[in-house]
Structures are given as structure tokens and as C-alpha cells.
Protein chains: 2
Amino acid sequence: MSRKRLQKSADAPATVRTVAALAGVSIASASRVLNGIGGSTETVRRVREAAARVGYVPNAIARSLQARRTGLLALAVADIGNPVYVEMMRAIEEVAKRADYQLLVHATGADPEGETALLEGLARRYVDGMILSPLRIGDGHLTALGRSPVPVTVVGQLPDDAPFDNVRADSHGGVLLAIEHLADTGRKRIAFVNGAPDTLPGAARMTAYRAALTAVGLPYEEELVEIGDFQYAQGRAAAARLLARARPDAIFCANDLIAAGALHELLAGGLRVPQDVALVGMDDTALAEMSFPQISSVSLGAAERGRLAADLMLSRLENPQLAPRRETVAPTLTVRASSEVTL
Amino acid sequence: MSRKRLQKSADAPATVRTVAALAGVSIASASRVLNGIGGSTETVRRVREAAARVGYVPNAIARSLQARRTGLLALAVADIGNPVYVEMMRAIEEVAKRADYQLLVHATGADPEGETALLEGLARRYVDGMILSPLRIGDGHLTALGRSPVPVTVVGQLPDDAPFDNVRADSHGGVLLAIEHLADTGRKRIAFVNGAPDTLPGAARMTAYRAALTAVGLPYEEELVEIGDFQYAQGRAAAARLLARARPDAIFCANDLIAAGALHELLAGGLRVPQDVALVGMDDTALAEMSFPQISSVSLGAAERGRLAADLMLSRLENPQLAPRRETVAPTLTVRASSEVTL
DNA sequence: TTGTATGCGTTATCAC
DNA sequence: GTGATAACGCATACAA
């Protein structure tokens, strides 16, 4: 039996048994030495040498099966091209690393099927937990989440009764910050370029826009609202449509990518920013600082949300019995050149 | 024995044995039904029902241990905030998906330790293969790569004798494209803002710049060269230093992030682009199109490199015996507003 | 079709 | 300190 083992073809990867046999000890001893626990000086020496000779590399899959943990965390986001997710990812990674977890990122491409597939694939214990930031949440999602054998933390608006750890942005507060700022600086016709309205953030920002207008005593005007998705190209096209039919004195955009597109359209049309039209974006990503002029933007605290999500995950990993928790992050406004003038 | 199994605490995740016991069949039959192979109508029904009742979810780790494959591919990049990597990632993902592999992304943060750790962690068979796009390659890397039990494909300049599948960009050809274009449009003092010169791309682009100047008959001037890293902020600072001491009529930047920074600095300094100073970036990312004016940029074929890398990986997965291969992707120049004027 | 038995590579338990 | 041996959860060769 053990002789048979040794006859395996030479190029088959070395296992503990290979090492043990070569060192002339039991696999138990070999395993112990390889893990740095116990062993007489002589045993240690021989096992080490044998391992080096055959280029032994432990099989993490086997180890995980036994340990019932992989030390891996997954983050699934819709669009990894959006800097806001990069920011969130960095924050999560930092927290995870401190607890000795490695972070894996997966881009779902806003494709609900992709997310479900991910849940049913990765979450089948390839990773110890997963953090999800979906653009949409359907019933399919929810039941898939419920079936997940590993803990799931959702970043985004979740139904109130959904039994998952949840970190939310304050869309309403954030939008209000932007509209108040624009109203305070004398803007009367504040347009809104939204992302896809059938997404969680899209829907939230739309209702928040109307509410904010009311709050500052401005009328809602249909022609001042335009819709694209959350990408640059669509945002720019939407801004073009808007400018072709209306003359806003300010534009609020549902994210920085859209804002960058609107800025491009404004400048290309010979409009001065902020003198003719003030511009405010959302998410406060690197993009806002990279544009010229720099774009004012409302941060929904992506990094903070990431940090919180990671914390929730880590604590749940330690204590799975915890009741579902919900955190909300406060928004902040950073005023830059694109809205720095008072009319 | 099998009775003992059934006494496990109720909240422990269901396994095949749970399902088999509940359905009153052997675990072999249960496994078969669960995998859709064979089984009498009655058996299938009972197993399916049992599985549904206990919410059975297969344990991918266990399955992988037995199958000796995970269906996962990993991509490790230095800076996921750089759009060029996003582009590469998308291309890889598309190829991988078609072959039923899921792609996981890991950001190493240009930290050589991080990359090594990744290799020694993930590559221990959590994934079936990994694609690496490192900024630097030291001997440590090379030996770590050699030890990897799973195939590795490197995107980037690898030593000629390194026995790994390798996809390269043509930095020299790309830089030449940019310099020739600028020279052709009448520019005489073409500055260069490089990224970190101790990285593979940084070093390659530097020597390519000098060679290209010679090729178009322009002198190399020390004061026209500035160095940062490959990020926006550093690029912008480098451009500021450059402009403080020299008067170039064109700036070539080692990537689009740097170019965006330089553009910002130029505009902030009241210089007109392209009339006063022409600007050309590299990588041809979305950023080049998002700036105003849009930035001319040399594409090093990130998507194509990604596609090729994925192809190499997939073919090697099918046939591990393949000899190491090397592919090189041709560069292309896209001229935009930032260099559209001939002096 | 079905069940028995074995192995995937590792660690943990428990005697010695 | 060391060595059998039993898990971890699943899939399959083989016999029935």
C-alpha cells in the first residue's frame, strides 16, 4: 500500500506522504514538522530536507477541507471600473488583511445572473464570507442569499426585514447636501442627471432629488431631469440631451462618472463652469479631483462603508450567532471649483 | 455509525450523508442524483426532495479536492485603480467565462511581498491557474513562480529564459509611435513624464524615449525628463516640476493617469492644449476620452494582452506539457484633441 | 440502478 | 516524540 504510493509518476505533485516516505517518518510527524509543531531536532531536519528536495507545497484545498475555513473573503461589485468600488475595496482589504484574510474581488457586471452564479459558486465554501454591493436586489437575490452557507454582508439598501448584515449609504442626506449647497449659492434651476432608475441607488437618488428640491423651496421641473446609467458615456449623452432642451444653472449628477461626462459636454458647448453652470457630482472619487475644473462631490463614504462591512463580516465570522446588524454612513460634501461661485 | 451522523446538531450544514440518510438511499446514489447522473425516477424524487428540505448546498472545497480542480482563475495586478488593468481584466474574464472558469482579482498594491504571498497562498491550489501582471520582477518572484504548483502566465517583460508563458507589450514601438506623431506635427521640445523608473514598464519606456528621440532626430535633454510614479497625483506633481523649469512644446506621459495630471497642470497654468503644448498619454484608457480636451494616447493593447494571456492559460490547463510560449502585442496610436494641431 | 469501499491531501486524536 | 487511524465532504470503480 504505502509502496504503491511511492510508485506514483515522478511529476505528480509532492504530498505529505511523499515527504514522509522520503524522510523515513510517518505522515503525522511530517505534517507536524511542516506546521512547526513538535518534532525532535533530527526529525525536523530530515523532514525539512525531504520537503525541500521534492519542492513540497501544501495543498490548501485539502487543508481547508479539514480546517473548514479558507482564510479567503470575497467582494462582489457591479462595476470594477467605477473608482468608488475601488475605494471601497481598498478599505475592505485593509481590514481583512489585519485579520489575516485575503480579499478576492469579483466583478458581476451588474448582471443579476452573474451575482447569483457567484453566490452559488464561490460561496459554496471557497470563501469564508462574502461582501456584496449589488446595484439591484430582487427576490431571487434574497433567496439565494438566504441559502448561502457562508455569511454575507450587503452594502446597499436592503429590505428592512432582510436578515443580513447591512451597510447603507444615506442617499437622501447626500443629495440634500448637494442641492442645499447649490441653492445656497444662488442656483435656481438645478438639473439632475441620474443613473439607471431601476437600480437601488438610482431609485433612491431620484426620490431624494425631488424631496431636496421641496426642502429648499424649488419647483420640480420635468425637463431638468435626464437619465442614463452610471457610466461616463451614457452620462455624457444624457447631459447632451438635457442641454439641448433646457438651460439649467446647475447640474447635479448621480455619480462622478456622470459628472465627468456632463462637464465634458458643458465645456464642449462653450459653457463656463461654474460661472454659467455649476456642477456637483456624487461619490467623491479620484475622478472629481482629476477633472478640470475639479468637481464638487458628495461622498457617500465608500471607504467607511467598506470598513464597516468588513468589520461586520469579521465579527460574524468570529461569532456566527450574532443577530443581523445595520449600519448607516453619513454623507459629506466637498466643494471644489465646479461650484465655487455664488451667483 | 450512520446513526451517529444523523445526531449532528441541526444547524450544522447539510452534507450528502444528511441528504442520503433522509432520502433513505446510499450516499453514492445521493451524490449521483445531485450530479444529475443516473438514478431511478423514484430515487431521484426522494433525493431531490430531501436535498430541498435540508437546503443542501454542495461543498465546493470537498468537490475540488476530489476533482483536483476548482474552476477558478486568479488575476493579480498591482493597481486596480488604474483603468488599464480593468480593461485587461474584462478581456480575461470574457475568455475565462467561455471556458467555464470564474475569474478572481487580487490587487497586490505593487508590493512585491504581497505578490509572493499571493503566490504562496492562492496558488496552493485554491485556483487552477493564475495570471500575473507585476510592476517589478525580482529573483524572489521568479523562484516563487517556479515553485507554483499551478500554471502561471505573466503579462509583462519577463527575462528571456524564464520558463513561463509570457505576454508582452511593445513599449519601444509604442513610445516611438507617440514621439513620431509629435515630431511629425512640428514639436521640437518633447518632454517625458515617466512613472517609477525602477519598474519594468518605467525602465522600458525610459530607454524607448531616448531611442525614439534619436530616431526622429531630436536631442535628448535632461531638463525635459521628469519622474513620478504611475499615479495621477505624482504625475501631476512631476508635471508641475517640469513646467517650473522648462518650456516644452509637447509632453509625452508614460500612462494616462500621468497625462491627466499633466493636463490639469497645463490648464491650471494657463497653457493651451494643444496650441501651446501638445499632450500624448499611454495605455489609451477611458480616462483619455474622459478628459477635456480628450487626450491622444498610445494603446499597448491591454485587452488584447489579457485575451492572449487567458488563451495561453486555458490551453496550458488543457495540456500542461506545452513548452513556454511568448506573445507580443502591437501598439496603436489614437490621436485626439490634445495633439491635433500642427505647429 | 444501487450500494460498498476507497481515495483526494491534510490535520487531529489518541494510543504508544 | 512518534505513528496508526479517523475524520473533513465528495465522487467514483467496482461489485452486486
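Throughout, protein chains are lettered first and strands after them, A, B, ... in sequence-line order, and every chain is numbered starting at 1.
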Closest to the A:Ser26 side chain, choosing from C:dT10, D:dG3, D:dG9:
D:dG3

Could you run through nucleotides 11-16 of chain D and give me one letter per nucleotide, 5' to 3': B if any protein heavy atom sits under 4.0 Å from the base, S if only the sugar-phosphate is that close, - if neither?
BBB---

Base, sugar-phosphate or nothing for A:Ser64? Non-hydrogen atoms, less than 4.0 Å.
nothing

Without hydrogens or angle criteria, can the side chains of B:Tyr126 and A:Ser64 be said to hold a donor-acceptor pair below 3.5 Å?
yes

Quick one: is C:dT2 close enough that its OP1 or OP2 comes under 4.0 Å of any side-chain N or O from B:Thr43?
yes

Does the side chain of B:Ser40 get closer than 4.0 angstrom to OP1 or OP2 of C:dT2 through an N or O atom?
yes

Rounded interatomic separation in angstrom, taking [atom1] from [X] and [atom2] from [N]:
| X | N | atom1 | atom2 | answer |
| --- | --- | --- | --- | --- |
| B:Ile61 | C:dG9 | CD1 | P | 15 Å |
| B:Arg17 | C:dA5 | CZ | C1' | 12 Å |
| A:Arg68 | C:dA12 | CZ | P | 11 Å |

Does a salt bridge link B:Arg326 with B:Asp161, judged by any charged N lying under 4.0 Å from a carboxylate O?
no

Electrostatic pair B:Arg90:B:Glu87 at N-O distance under 4.0 angstrom:
no

Under 3.5 Å, is there a donor-acceptor pair between the side chain of [X] and the main chain of [Y]?
| X | Y | answer |
| --- | --- | --- |
| B:Arg307 | B:Glu94 | no |
| B:Ser315 | B:Asp311 | yes |
| A:Asp128 | A:Thr70 | yes |
| B:Asn59 | B:Ile61 | yes |
| B:Asn82 | B:Tyr85 | no |

Positions of residues 45-54 of chain A (non-hydrogen atom under 4.0 Å from DNA chain C), listed by number
none

Counting only heavy atoms and a strict 4.0 angstrom limit, can you tell me which residues of residues 144-151 of chain A come near DNA chain C?
none

Do [X] and [Y] have side-chain heavy atoms sitting under 4.5 Å apart?
| X | Y | result |
| --- | --- | --- |
| B:His106 | B:Leu75 | no |
| A:Glu49 | A:Val54 | no |
| B:Leu103 | B:Met89 | yes |

With sequence neighbours excluded, residues passing side-chain hydrogen bond (donor to acceptor under 3.5 Å, both in side chains) with B:Asp165:
B:Arg316, B:Arg325

Axis-to-axis angle between the two ends of the helix from C:dT1-D:dA16 to C:dC16-D:dG1 (five base pairs per end, rounded to 10 degrees)
40°

Donor-acceptor pairs under 3.5 angstrom involving side-chain atoms of residues 146-157 of chain A: please list them, not counting sequence neighbours.
{"from": "A:Ser148", "atom 1": "OG", "to": "A:Val150", "atom 2": "N", "distance (Å)": "3.2"}
{"from": "A:Ser148", "atom 1": "OG", "to": "A:Val150", "atom 2": "O", "distance (Å)": "2.6"}

